[in-house]
S.K.: 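Below are the structure tokens for one structure; questions will follow.
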2 protein chains.
Amino acid sequence: MSMMNYAAGVSLKHATLGLLTYGPASGYDLLQKFRESLANVWPATQSQLYGELGKLAAAGLVTVAAEGPRGRKEYAITPEGSAELRHWLGEVPPAPNRRSEMLLRVFFLGMLTPEQAREYLDDRATVAAELQAELRELATTVDPDSGPLAVYGRLALEWALRFSVMQEEWATWAADEVRRAQEGVE
Amino acid sequence: MSMMNYAAGVSLKHATLGLLTYGPASGYDLLQKFRESLANVWPATQSQLYGELGKLAAAGLVTVAAEGPRGRKEYAITPEGSAELRHWLGEVPPAPNRRSEMLLRVFFLGMLTPEQAREYLDDRATVAAELQAELRELATTVDPDSGPLAVYGRLALEWALRFSVMQEEWATWAADEVRRAQEGVE
DNA sequence: CTTCGACCTGTCACTACTGACATGTCGAAA
DNA sequence: TTTCGACATGTCAGTAGTGACAGGTCGAAG
């Protein structure tokens, strides 16, 4: 029984527990899933994941359910882990994203010439449009009734789609604003 | 002359340089500015900032332009610092946000009852609506021609506004989807 | 029967960030 | 003239995250 549960609000922990609710898996397996489905939501490196699994096991939130060839350790979520995950999902308010490099740059666009500033914003619009195309492509690819991850995964996909639409529209508008301000001064 | 410039893509560095383009300031001053204007874009703690100023000075991107009472050190950006900032703004593509705790939770909403899942989504809609109200309030407060930060700051504000609108609409839609799926099964 | 790619776990050094602690000084109001 | 709030700098231990290094094994195709 370890006395200190490690700090709250740490999402790698919950991402790992969440993936394990879909069935037991090794660190190696989980790493694939992180890359396949969570890459754009909560990426994790190999070193981080193996470390996390160790902590999770020490805290009793997962157990080594089976050992296989090549030193494979198959982890399974415990009832305590499951309770922790549900607690996090239902009772802990999500922390909003605090940092945006894209917006930070906007604050300092005044250092550039208006032309360069517009170029930056136009580029944002282009990138957002490209992302949109990729996402729409992806949406057609996803099997509508494959696995339970797909059910709520579609909601996440829709979010990303709407986000990229918003970003494109905003960037186009902002580039226009810059042009307008420029004309006003001249 | 230090041989190693510290790693690229580190935004606290550029946030600090950016703030210093508005005039010389002490660590203390900068900390206020971080809290006032960059809090929702790139927050920084005191310990981080003082450390950063030290590194920036060692790298020659800022200098101690004046020393005042209470050990006050007034930092000013150097031509090298200014060049670095412009390089970052104009030539280095911004890294997209990779992590979203909010979306991570969406992936695991299947662990909860559909009612709880809908509650989560409804809460997101509510929070987004509240944020929107605050932002609109803030928009009326901002002096339209105060300081150069305000010019591009307005673009950032508009982004936040559009983001919160998007989030609210998405969450409302998603809660509806969950209800629909629930009815489909019953 | 070899060999090679996929499988599999682990460690290390380093950077970024956080919150708390420690330590003082100046200036204005009481 | 005291005292207190704002000014001001710095350090430290700890967590999170990254990329590289290191080492080993199984299974199937050639």
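Below, chain A is the first sequence line, B the second, and so on; all start at residue 1.
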S.K.: So how far off straight is the helix from C:dC1-D:dG30 to C:dA30-D:dT1, going by the axes through five pairs at either end, to 10°?
M.R.: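 If I round to tens, the end axes sit 0° apart.
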S.K.: I'd like to know if the side chain of A:Trp42 and the backbone of A:His14 have a donor-acceptor N/O pair within less than 3.5 Å.
M.R.: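 Such a contact is absent between A:Trp42 side chain and A:His14 backbone.
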S.K.: Just how far, in rounded Å, is C1' of D:dT18 from CG of A:Leu49?
M.R.: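 Checked: the CG to C1' distance equals 14 Å.
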S.K.: What integer distance in Å separates B:Glu52:CD from C:dT15:P?
M.R.: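 In whole Å, C:dT15 P lies 12 Å from B:Glu52 CD.
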S.K.: Roughly, in whole Å, what's the span from CG in A:Leu30 to P in C:dC7?
M.R.: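 Answer to the nearest Å: 14 Å.
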S.K.: Has the side chain of A:Ser47 got a donor or acceptor atom sitting under 3.5 Å from an opposite partner on the base of D:dG19?
M.R.: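 It does, because a donor-acceptor pair links the side chain of A:Ser47 to the base of D:dG19 below 3.5 Å.
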S.K.: Could you tell me the separation between the OH atom of B:Tyr75 and the P atom of D:dA8, rounded to a whole number of Å?
M.R.: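 For the pair B:Tyr75 OH and D:dA8 P, the rounded distance is 13 Å.
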S.K.: Separation of B:Gln46 atom CD from C:dC21 atom P, in whole Å?
M.R.: 14 Å
S.K.: Looking across every strand, which nucleic acid part, if any, lies under 4.0 Å from A:Ser26 by heavy atom: base, sugar-phosphate, or nothing?
M.R.: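 Sugar-phosphate only.
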S.K.: Between B:Arg154 and B:Glu158, does any side-chain N to carboxylate O distance fall below 4.0 Å?
M.R.: no
S.K.: For a quick check, with a 4.0 angstrom heavy-atom cut-off, what is the B/S/- contact string for nucleotides 23-29 of chain D, read 5' to 3'?
M.R.: --BB---
S.K.: Please determine if a side-chain N or O atom of A:Lys55 lies less than 4.0 Å away from the OP1 or OP2 oxygen of D:dA16.
M.R.: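 Result: yes.
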S.K.: For B:Lys73 and D:dG10, is the shortest distance between a side-chain N/O and OP1 or OP2 below 4.0 Å?
M.R.: yes
S.K.: For A:Glu101 and C:dC17, give me the distance from atom CD to atom P, rounded to whole Å.
M.R.: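 The distance from CD of A:Glu101 to P of C:dC17 comes to 11 Å, rounded to the nearest Å.
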S.K.: Would you say CD of B:Glu91 has more than 12 non-hydrogen atoms from neighbouring residues, nucleotides or ligands within 6.0 angstrom?
M.R.: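 Yes, CD of B:Glu91 has more than 12 neighbouring heavy atoms, counting only those of other groups under 6.0 Å.
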S.K.: To the nearest 0.5 Å, what is the distance between CG on A:Leu103 and CH2 on B:Trp159?
M.R.: 5.0 Å
S.K.: Has B:Arg105 got a side-chain atom pairing as donor or acceptor with A:Trp88's backbone, closer than 3.5 angstrom?
M.R.: yes
S.K.: Using only side-chain N and O atoms of A:Arg99, determine if any of them is under 4.0 Å from OP1 or OP2 of C:dT18.
M.R.: yes
S.K.: Can you run down the salt bridge (charged side-chain N to carboxylate O under 4.0 Å, His left out) pairs that involve residues 57-83 of chain B, sequence neighbours left out, and say none if there aren't any?
M.R.: B:Asp29-B:Arg72, B:Arg72-B:Glu74
S.K.: Could you go through B:Lys33 and B:Glu36, starting from their C-alpha distance and side-chain angles, then the distance that decides it, and tell me whether this counts as salt bridge (Lys or Arg N to Asp or Glu O under 4.0 Å)?
M.R.: CA-CA 5 Å; B:Lys33 293 197 192 177; B:Glu36 284 162 22; over 6 Å; no
S.K.: Considering just the side-chain nitrogens and oxygens of B:Tyr50, establish if one lies under 4.0 Å of OP1 or OP2 belonging to D:dG10.
M.R.: no
S.K.: Does a salt bridge link A:Glu84 with A:Lys13, judged by any charged N lying under 4.0 Å from a carboxylate O?
M.R.: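 Salt bridge present between A:Glu84 and A:Lys13.
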S.K.: Do B:Arg86 and B:Ser82 meet the criterion of a side-chain donor-acceptor pair at a distance under 3.5 Å?
M.R.: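 On atom types as modelled, these side chains qualify, holding a pair under 3.5 Å.
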S.K.: Calculate the interatomic distance between B:Glu67 atom CD and D:dA8 atom P; express it in whole Å.
M.R.: 13 Å
S.K.: With no hydrogens and no angle check, just 3.5 Å: does a side-chain donor-acceptor pair link B:Gln132 and B:Gln167?
M.R.: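 No, because no side-chain N or O of B:Gln132 sits under 3.5 Å from a partner of the opposite role on B:Gln167.
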S.K.: May I have the distance from A:Arg35 (atom CZ) to C:dC7 (atom P), rounded to whole angstrom?
M.R.: 11 Å
S.K.: Of all the nucleotides listed (C:dT18, D:dG17, C:dG10), which has the minimum atom distance to the side chain of A:Gln48?
M.R.: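 Nucleotide nearest to A:Gln48's side chain: D:dG17.
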